[in-house]
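Residues take their numbers from the sequence shown, with the count starting at 1.
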Amino acid sequence: MDYKCIQCGCPVKTLYVQYSPGNIRLMKCKNCRAVADEYIECEIMILVIDLILHKPKAYRHLLHNVINQKTMKFQGLLWKLAVVFLLFEAHRCLILESGKGKTGSSMSFSSLLSICSKVLVDVLFGNFMFLLTFFFMIKIFFHVSITISRGIDLLLILMISSYFKIFLVAMMVWEFPSSVIFIIELFCLSSNAVALKVMTESTMSRCVWTCFFAYAMKFLVTQILEFILLGQLMQGWSQISSSFLKASMI
């Protein structure tokens, strides 16, 4: 199995040689003559800090040498990451709605139905349009065909590089303005772009534009659908209310 040098991205056959438990020697890359993967001997917090700093070598270590389709139970991991990602997305939508003052203990049934509909539209259809636009832009910018294997790899890097969404959990403990969510989304966009650059070895500008168009399409489509859905719900609820009033008068 070929790994990747985190410095130059060239394939290497092995990352280290183990002589005894706890006694290993890191291998060097034949291309750049540097240690192929220095993160093997580093603490996990050093890797996390380098990921936050958007260092490409940290993403190479994580995406090529730790998590890939050949090194672990990939299907189970993919499903777990997808569920966690969608839960974070639903939590993000609820925070935005609470920031608008639409949630509370005295909500009416119509308001609750409207919020649930918005969350479903944003989480399911919004992310579907995001992935569709993301794959389309990759095909346009990078001139590659999206096979099943490549599509799974792209899904993986999107969900892993969106790790900053975990900070949404902090908003359940501490009170932050809802505008913090847009900072988190901006950070996720930049992280997605760095991860895409590491996986494709393309230019940073192409990766940034690909992710930007995907996020922009998701925002535009969800806003349009929420507006249409809200109008239909309000119209339907008013019709039901008027019919109930007429029936009670009779």
#### Entry: Sidechain-backbone polar pair: Arg25 side chain, Gln18 backbone, donor-acceptor under 3.5 Å
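The answer is no, because no donor-acceptor pair under 3.5 Å joins these two groups.
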
Surrounding [atom1] of [X] (heavy atoms of other residues, nucleotides or ligands, distance under 6.0 Å), is the total greater than 12?
| X | atom1 | value |
| --- | --- | --- |
| Tyr16 | OH | no |
| Met217 | CE | no |
| Phe136 | CZ | no |

### Task
Evaluate the criterion side-chain contact (heavy atoms from CB on, under 4.5 Å) for residue pair Lys4 and His61; output intermediate values, then yes/no.
CA-CA 8 Å; Lys4 290 288 185 72; His61 166 77; over 6 Å; no

Cluster check [X], [Y]: I/L/V/M/F/W/Y, side chain < 4.5 angstrom:
| X | Y | answer |
| --- | --- | --- |
| Ile183 | Val208 | no |
| Met137 | Phe142 | yes |
| Val48 | Val66 | yes |
| Ile181 | Leu86 | yes |
| Ile166 | Ile44 | yes |

### Message
Set out, in order, the CA-CA distance, both residues' side-chain angles and the distance that settles side-chain contact (heavy atoms from CB on, under 4.5 Å) for Tyr163 and Phe187, then state yes or no.
### Response
CA-CA 10 Å; Tyr163 60 88; Phe187 193 96; 3.7 Å; yes

### Query
With under 30° as parallel and over 60° as perpendicular, where do the rings of Tyr59 and His54 fit, or are they tilted in between?
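Tyr59 and His54: perpendicular rings.
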
### Query
What class does the angle between the rings of Phe130 and Phe134 fall in, given that below 30° is parallel, 30 to 60° is tilted and above 60° is perpendicular?
parallel

Is the shortest side-chain heavy-atom distance between [X] and [Y] below 4.5 Å?
| X | Y | value |
| --- | --- | --- |
| Met204 | Val194 | yes |
| Cys8 | Cys29 | yes |
| Phe141 | Phe213 | yes |
| His64 | Tyr3 | no |
| Val123 | Cys93 | yes |
| Cys42 | Leu47 | no |
| Asn192 | Ser162 | yes |
| Asp153 | Leu63 | no |

### Query
Could you walk me through whether Tyr39 and Asn65 pass the side chain to side chain donor-acceptor pair (under 3.5 Å) check?
CA-CA 10 Å; Tyr39 288 105; Asn65 300 337; over 6 Å; no

What distance do [X] atom [atom1] and [Y] atom [atom2] have between them, rounded to the nearest 0.5 Å?
| X | Y | atom1 | atom2 | answer |
| --- | --- | --- | --- | --- |
| Glu38 | Ile46 | CD | CD1 | 9.5 Å |
| Phe219 | Thr222 | CZ | OG1 | 6.5 Å |
| Ile67 | Ile157 | CD1 | CD1 | 12.0 Å |
| Ile6 | Asp37 | CD1 | CG | 4.5 Å |
| Arg206 | Ile140 | CZ | CD1 | 11.5 Å |
| Leu155 | Ile160 | CG | CD1 | 11.0 Å |

Using a strict 4.0 Å threshold on nitrogen-to-oxygen distance, state whether [X] and [Y] make a salt bridge.
| X | Y | value |
| --- | --- | --- |
| Arg92 | Asp122 | yes |
| Arg60 | Glu201 | yes |
| Glu89 | Lys218 | yes |

Taking all non-hydrogen atoms of both residues into account, name the closest pair between [X] and [Y] and its distance.
| X | Y | answer |
| --- | --- | --- |
| Gln7 | Ala34 | CG-CB, 3.9 Å |
| Ala193 | Cys207 | O-CB, 3.5 Å |
| Leu15 | Ala36 | CD2-CB, 4.2 Å |

### Query
What about Phe167 and Phe164, are their ring centers closer than 6.0 Å?
yes

### Steps toward side-chain contact (heavy atoms from CB on, under 4.5 Å) verdict (Leu154, Leu196)
CA-CA 8 Å; Leu154 292 173; Leu196 182 61; 3.9 Å; yes

### Query
Are Met27 and Thr14 close enough, and set up right, to give a side-chain contact (heavy atoms from CB on, under 4.5 Å), and what steps lead you there?
CA-CA 7 Å; Met27 303 301 292; Thr14 183; 3.9 Å; yes

